[in-house]
Every structure is written in structure tokens, then in C-alpha cells.
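Heads up: the structure comes next, in C-alpha cells.
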Amino acid sequence: MGALSTLTKSLSHHCIKTSKTHLQKPLLNLSNFENFSNATDSQYHHYQSRRTLILDSVSSESVTLNRLSDSDSGIVEVNLNRPGARNAIGKDLLRGLKDSFEVISKDSTANVVLITSSVPKVFCAGADLKERRMMSASEIHFFVNSLRSTFSFLEVVRLDSYHPKSNKTLGIPTIAVIEGAALGGGLEMALACDLRICGEDAVLGLPETGLAIIPGAGGTQRLPRLVGNSVAKELIFTGRKIGGREAMSIGLVNYCVPASEAQLKALEVAREINQKGPIAIRMAKKAISEGFEIDMASAFELEEECYIQTLHTNDRLEGLAAFAEKRKPKYTGA
């Protein structure tokens, strides 16, 4: 609970009256949980061929970590692969997520993260209920806290490469790629991402009240911030599952595309982001995410401080030079 308390305090500590920057120490050290349980077309195949493995293993059989290459360098993929359990979140998968996010947070070349599934017709079916049945109430409590904190790390994932010795965290964009079911903890993981892209056959929902519990990994807080209190209450109270088109209509996802094309759309969006100035993207995410939680006057101060962080960079000068020379800029994140 100490790490969770620290995380909560850090997330709420935004109102700063001085001209100091809002850059903070890491909101979460996921190592605190180390001891918790030892498009089928030519475009898709081209995409697959451009991937190179970052890690042979992230201490999990359920999660793999990949980095795209060539012109897509900077795009990183966290891939869920637990077909026998429909990517249900158990101890092994949670450990794999934690390890993956920690690796990405130390990778100065990472600009965009995609969370995907290699299991057909499922993103993540939620908690591993078979495993859950074997846990005591206190073990479940600890596990859900660990899950909530791991998902929260998505919001701050990436060690600041502009100040490599400062030990401060800045977020890079995260995109959930949803094909098929995203239920319970699976949807909560997607809610923690910056963007969500789904196929038309997606099924999204928070069915926890049907099990006499509530969404405990951020769902009761992130869902209303996306779709509003009334809609969030209806979905959580009833546990109703919705399709991709309805999710799009209520603002739960950014794009709803034909089934099996979510990966291609996500890659398209990731490529657009990847071409922009990395420091600017991280500062924009910080200004938007943190500014949303504070009063307007403090939010303007935060915006100014984030803007200042982009002024004294080589990338800003490169952007101006590229504009004057009518060419594409070559940003380095410096």
C-alpha cells in the first residue's frame, strides 16, 4: 500500500505556485511488486516483417516485447499472448506487463507504445478467475493494488531522455489495439492508455458487479473521465457489454475500424506520432494529462513550464530549419 499511497499523492500533487517545473520523480517503482509470485493482407505481413525483438524474455510466457525497425524505429509493441486463457490477467501476465513497462521506461529510443494481442478475437478477457479462486482476500487485495499501479505506470511510462540523470518520468503515448473482447481488467488496461483503437467486432465492458465486486484497477475512475459519470455508472452498474461502434459513439475509443484492421490503424497513428518531436510529444501528454486534473490557473502554469522544456532543444531548431528548407525534419529527441 506504500507504493499505492505514493502514487496517489504524486498524481494529485499538481498545483505549484512557483516557477519550478512540474517534472517529478517516478510516480511508481514497479520493482516494489517483484516479489508478488515468483490484418491478414500484405500490409500486415509487411508490418510483421519490420519487427525486431527487444527482449528474448520479460520473465513471462504471456507477454512479449517488440521494437519496430527501419523507418518505424521508436514504435514499441507489448504483445499479450496467453491463448489458453484468452489473455486473462494472472500473476505471470502481470509480471510480464510490469517487466515490459520497466524496460520501456529505460529505453531512450521509445516514442510510442502499442499494447496488442496475438490471440484471435480477444484483447484481454479480464482477471484469471481460476487463479483468483485460489487466493485469500488479502492476496486478492494485494494483487488488485499491484494491477492498478501497473496500469497507472502506463500514464508515466518512459524515463526522461532529455534529462537522463534527473531520474524524472515523462510519459510517451500509449495505444491499446483492441480486437475482440476487452473485459474487466482488460478494459481497465485499455482505459489507462492514451488512445484506444478497436475493430467493429470488439466487445468492451466492466462486468465486475456481476461477481459482487467493483472494477478495482482504475475502471471506476478512468471510465467516467472518458464517457461521463452517467454513462459510466450505467455501464458499471449493469455490467453491460458494448460493441466497437457504440464504444466509438460514447467516446470510449478513438477509432472503430473494420474487424482485424485495428492493428493497421494503430500503426498508422503511431507512425504519425513517431514523426513528431519526441520531447514535444512528452510535454504535450504531460500538459494535457496533468492539467486536466487541476484548476485552470495552475494548468496554464503547467502549460508554460512544459512549453519552456521544448524551447532549449535541438529538435526545435531542426523544426525551424526543416520548415525553411522545405524538407521533413529529422528529430532526435534532444
Exercise. Would you please name every residue forming a side-chain contact (heavy atoms from CB on, under 4.5 Å) with T238, sequence neighbours left out?
Key: E234, R240
Quiz item: Sequence neighbours excluded, which residues qualify as side-chain contact (heavy atoms from CB on, under 4.5 Å) partners of R86?
Solution: V122, A125, A181
Quiz item: Listed by chain and number, what are the side-chain contact (heavy atoms from CB on, under 4.5 Å) partners of A232, not counting sequence neighbours?
Solution: L223, P224, V227
Quiz item: With sequence neighbours left out, what residues match K241 under salt bridge (Lys or Arg N to Asp or Glu O under 4.0 Å)?
Solution: none
Quiz item: With side chains defined as the heavy atoms from C-beta onward, is the minimum distance between L191 and L226 less than 4.5 Å?
Solution: yes
Quiz item: With sequence neighbours excluded, what pairs up with K265 under the side-chain contact (heavy atoms from CB on, under 4.5 Å) test?
Solution: I197, Y255, V257, E268, V269
Self-check item: Pairing residues for E61 by the salt bridge (Lys or Arg N to Asp or Glu O under 4.0 Å) criterion, not counting sequence neighbours
Solution: none
Quiz item: Of all residues at least two apart in sequence or in a different chain, which pass the salt bridge (Lys or Arg N to Asp or Glu O under 4.0 Å) check with D315?
Solution: none
Quiz item: Under the side-chain hydrogen bond (donor to acceptor under 3.5 Å, both in side chains) test, which residues partner S230, sequence neighbours left out?
Solution: none
Would you list the atom pairs, donor with acceptor, under 3.5 Å between side chains in residues 201-209 and any protein atom, with sequence neighbours excluded?
| residue | atom | partner | partner atom | Å |
| --- | --- | --- | --- | --- |
| T209 | OG1 | I236 | O | 3.0 |
| T209 | OG1 | F237 | O | 3.4 |

Side-chain donor-acceptor distances from residues 212-219 under 3.5 Å, at least two apart:
none

Exercise. Could you list all the side chain to side chain donor-acceptor pair (under 3.5 Å) pairs where at least one residue sits in residues 317-329, not counting sequence neighbours?
Key: E318-R327, E325-R327
Practice problem: Apply salt bridge (Lys or Arg N to Asp or Glu O under 4.0 Å) to E304 and list each qualifying residue two or more places apart in sequence or on a separate chain. | Solution: none
